[in-house]
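Here the structure comes first, spelled out in C-alpha cells, and everything after it is commentary.
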Amino acid sequence: MLIKPTTALRTDLGEITRLCKEREEPVYLTENGEGELVIMSMGAYEKREAMMDLRFKLMEAEQQYHSGAKTHTTDEVRNYVQELHNGNI
C-alpha cells in the first residue's frame, strides 16, 4: 500500500503519477495522519470498474437463479450458439 501526505500532491505530483501508473495500484493520501484521498491511474481505475461491473452481473445472475429463473445446460447453450453461427436462428 502506497501512502503519502497530501502535501506530496504539490511537491511530488510527477512521482505520484509515475507510481500509480507503474504499480497499477492506488496511492492513499493522508492529512495530519488521517486518510484523506485515494488516487489511481486511469488504467487501474478502468480495471477496477470492470471488475465491479462483473461482480454486479454475477450477483444479479445468482439472485435470478435463486429466485427460480429459467436456466440452460451447457449443451443447450452450445447448440444455440451453433445454430446462431450456422444462420438457423
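Ile39 contributes atom CD1, which lies 5.5 Å from atom CG of Leu9 (distance to the nearest 0.5 angstrom).
Annotation for Glu49: atom CD counts as buried by contact number, over 12 foreign heavy atoms lying within 6.0 Å. Within 6.0 Å of CG on Asn32 lie no more than 12 heavy atoms contributed by other residues, nucleotides or ligands. Taking a 6.0 Å sphere around CZ of Arg18, one finds it holds more than 12 heavy atoms contributed by other residues, nucleotides or ligands.
Shown here for Gln64 and Ser67, the closest heavy-atom pair between the two residues is O-OG, 2.9 Å.
Taking 4.5 Å as the limit, every side-chain heavy atom of Met42 sits out of range of all side-chain heavy atoms of Lys21. At least one side-chain heavy atom of Ile3 sits under 4.5 Å from a side-chain heavy atom of Thr30.
Under the salt bridge (Lys or Arg N to Asp or Glu O under 4.0 Å) criterion, Lys47 pairs with Glu24, sequence neighbours left out. For Glu62, there are no salt bridge (Lys or Arg N to Asp or Glu O under 4.0 Å) partners, not counting sequence neighbours. Scored by the side chain to side chain contact (heavy atoms under 4.5 Å, CB included) test, Leu54 finds Leu58 as partners (sequence neighbours excluded).
Panel note: side chain Glu76, backbone Thr73; a donor-acceptor pair is recorded below 3.5 Å. Proximity of a side-chain donor or acceptor of Asn86 to a complementary backbone N or O of Gln82 within less than 3.5 Å is detected.
Criterion: ILVMFWY side-chain heavy atoms under 4.5 Å apart, direct or through other members. Under it, Leu2 and Leu37 are part of a common hydrophobic cluster. When the side chains of ILVMFWY residues are joined at heavy-atom separations under 4.5 Å, either directly or via intervening members, Leu19 and Tyr28 end up in two distinct hydrophobic clusters.
A salt bridge between Glu60 and Lys57 is absent, with no side-chain N of the basic residue lying under 4.0 Å from a carboxylate O of the acidic one.
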